[in-house]
2 protein chains.
Amino acid sequence: MPKIVVPEERRAAISDAVIRVVRRAGVEGATLRTVADEAGLAIGSVRHYFGSHEDVLIFTMRELGLRIGRRIGTHVDRLLGTDPDIDRRAAVEDLFAEFLPLDPIRWDEAVVWLAFTTAARTRPSLRDTAVEQHAFMRGLITRVLQEATARGALPDRLDLEVECLRLSALLDGLTLQAVLHPENTTPDLLLAALRRSLTALQS
Amino acid sequence: MPKIVVPEERRAAISDAVIRVVRRAGVEGATLRTVADEAGLAIGSVRHYFGSHEDVLIFTMRELGLRIGRRIGTHVDRLLGTDPDIDRRAAVEDLFAEFLPLDPIRWDEAVVWLAFTTAARTRPSLRDTAVEQHAFMRGLITRVLQEATARGALPDRLDLEVECLRLSALLDGLTLQAVLHPENTTPDLLLAALRRSLTALQS
DNA sequence: ACGAGCGTAGCACCACCGTGCTATAAAGGG
DNA sequence: CCCTTTATAGCACGGTGGTGCTACGCTCGT
């Protein structure tokens with residue numbers, strides 16, 4: 001049966017298993033044994049595709065980061081595209097809403113990403129990915145704010161560095177609360193908070 | 001030498017050691033051995049004061065929560081006190097600023113608290129404390145907003161549930177970013193973001 | 001003064017971790 | 001057809017985790 005296998009697919013399947021385990025038991029719960037079990041493989045098979053346990057985590061975190069970035073990228077394309085007739089306010093709202101865990105799929109992703117990015121504080125091998133993703137988020141928000149300012153959609157004496165921080169902190173904070181206290185942080189509340197903040201920004 | 005020891009002091013000293021270890025190595029790094037080492041005790045001595053490793057973590061998290069709550073409580077007393085001549089806007093700002101990691105001491109506390117509260121998601125024994133502290137924060141913010149509305153300091157058609165979420169998410173998000181990406185999130189930026197948000201709330 | 005009780009310390013056990021290493025079976029190329 | 005390569009699987013080792021249990025010494029009540 002071997003040799004027909006595409007290594008990339010196997011790696012992806014394994015990292016999916018890692019994501020499920022982390023969601024259930026945290027990063028420290030994702031041992032080679034639990035991951036192999038979740039993936040329906042033997043521990044030796046998992047090790048065949050990764051140099052070490054650390055590599056499994058690094059690959060999975062990067063994979064998850066790419067997945068999130070790809071999802072958000074879709075909205076960026078629409079917003080920064082050439083179509084002049086779109087409702088830009090709605091497009092911006094959609095873009096930022098994509099950061100929020102508004103459905104079970106994104107909620108799971110947010111849970112796992114939070115686990116990884118907090119774990120990265122004490123795991124040097126995960127830091128790079130965490131920093132990259134954070135820079136991506138800050139850069140994206142800054143660009144959107146700059147563009148909106150240039151367009152006259154925002155007051156032009158805003159301190160964009162502070163506004164970027166406020167917005168990214170809001171998104172991170174909403175996500176954090178939705179992940180840790182979902183019973184008090186329903187999707188409709190998340191959306192209401194985002195809408196209110198964007199509206200307040202315009203005045 | 002024994003018997004002169006006050007058990008509560010020993011427990012407090014041990015939980016201080018736990019806090020230092022968690023700051024350095026995360027919750028999963030706080031094993032009985034590392035904690036005992038950090039406290040300058042033998043592993044058996046630590047176990048004399050706690051029923052289990054789990055108890056050590058529970059006690060320490062609760063202790064840290066109380067410490068944070070006590071610090072914030074000081075500002076609450078001042079704000080809700082009877083003195084009519086205080087600058088209420090400044091008092092509110094001071095109160096909320098107390099949630100932020102503006103100095104090394106509070107930064108350490110924020111790091112450790114974040115570690116505990118995220119760990120609580122997968123550790124049932126820590127959940128209660130996490131939920132309590134979160135309810136405390138939400139309740140406090142709601143009360144302040146209600147009082148400000150009653151006083152006429154805020155527009156009275158605000159949806160306080162949404163505003164409470166916005167504010168608590170902002171504080172949590174700012175803290176999260178300061179903890180995970182301190183190089184991009186300096187204390188003066190944190191304060192600027194808070195001030196801007198409070199001002200925006202009033203208009 | 002002496003025994004009870006508490007603080008301190010550490011051994012021993014089992015469970016689980018990552019990893020080096022080996023074994024087996026299934027392809028694909030010569 | 002055989003032999004190299006690759007996928008899969010698993011053993012065994014060293015290290016480390018929490019914990020049950022025991023040992024020892026100091027202090028204080030009687």
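Just so we're clear, the structure is a prediction, and the values are computed from it rather than from any experiment. Below, all heavy atoms of this structure are taken into account, side chains as well, without hydrogens, waters or symmetry copies.
Remark: A:His181 engages B:His134 in a ring pair (Phe, Tyr, Trp, His ring centres under 6.0 Å) (not counting sequence neighbours). In this view, B:Arg47 and B:Leu32, B:Ile43 satisfy the side chain to side chain contact (heavy atoms under 4.5 Å, CB included) rule, not counting sequence neighbours.
For A:Asp37 and C:dC16, the CG to C1' distance is 14 Å, given to the nearest whole Å. The distance from atom CD1 of B:Ile14 to atom P of C:dG7 is 11 Å, rounded to the nearest whole Å.
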* Asked: Which letters describe nucleotides 15-20 of chain D, given B = protein heavy atom under 4.0 Å from base, S = only from sugar-phosphate, - = neither?
  -> --BBBB
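Among residue pairs with one or both ends in residues 85-107 of chain A, none qualify as ring pair (Phe, Tyr, Trp, His ring centres under 6.0 Å); sequence neighbours excluded.
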Tell me which donor-acceptor pairs under 3.5 Å the side chains of residues 14-26 of chain B have, and how far apart each pair is, sequence neighbours excluded?
unit_1  : atom_1 : unit_2   : atom_2 : d
B:Ser15 : OG     : B:Ala12  : O      : 3.0
B:Asp16 : OD1    : B:Arg67  : NH2    : 3.0
B:Arg20 : NE     : B:Glu38  : OE2    : 2.6
B:Arg23 : NH1    : B:Asp108 : OD1    : 3.1
B:Arg24 : NH2    : B:Glu38  : OE1    : 2.4

Name the atoms and distances for all side-chain donor-acceptor pairs under 3.5 Å in residues 56-66 of chain B, with sequence neighbours left out.
unit_1  : atom_1 : unit_2   : atom_2 : d
B:Thr60 : OG1    : B:Val56  : O      : 2.8
B:Arg62 : NH2    : B:Glu132 : OE1    : 3.2
B:Arg62 : NH2    : B:Glu132 : OE2    : 3.0

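In this model, the phosphate group of D:dT8 is not approached by any side-chain N or O of A:His48 to a distance below 4.0 Å at OP1 or OP2. Side-chain N/O atoms of A:Ser45 include one lying less than 4.0 angstrom from OP1 or OP2 on D:dA9. Residue A:Tyr49 places at least one side-chain N or O closer than 4.0 Å to OP1 or OP2 of D:dT8.
In summary, the side chains of A:Asn184 and A:Gln177 do not present any donor paired with an acceptor at a separation below 3.5 Å, with no hydrogens or angles considered.
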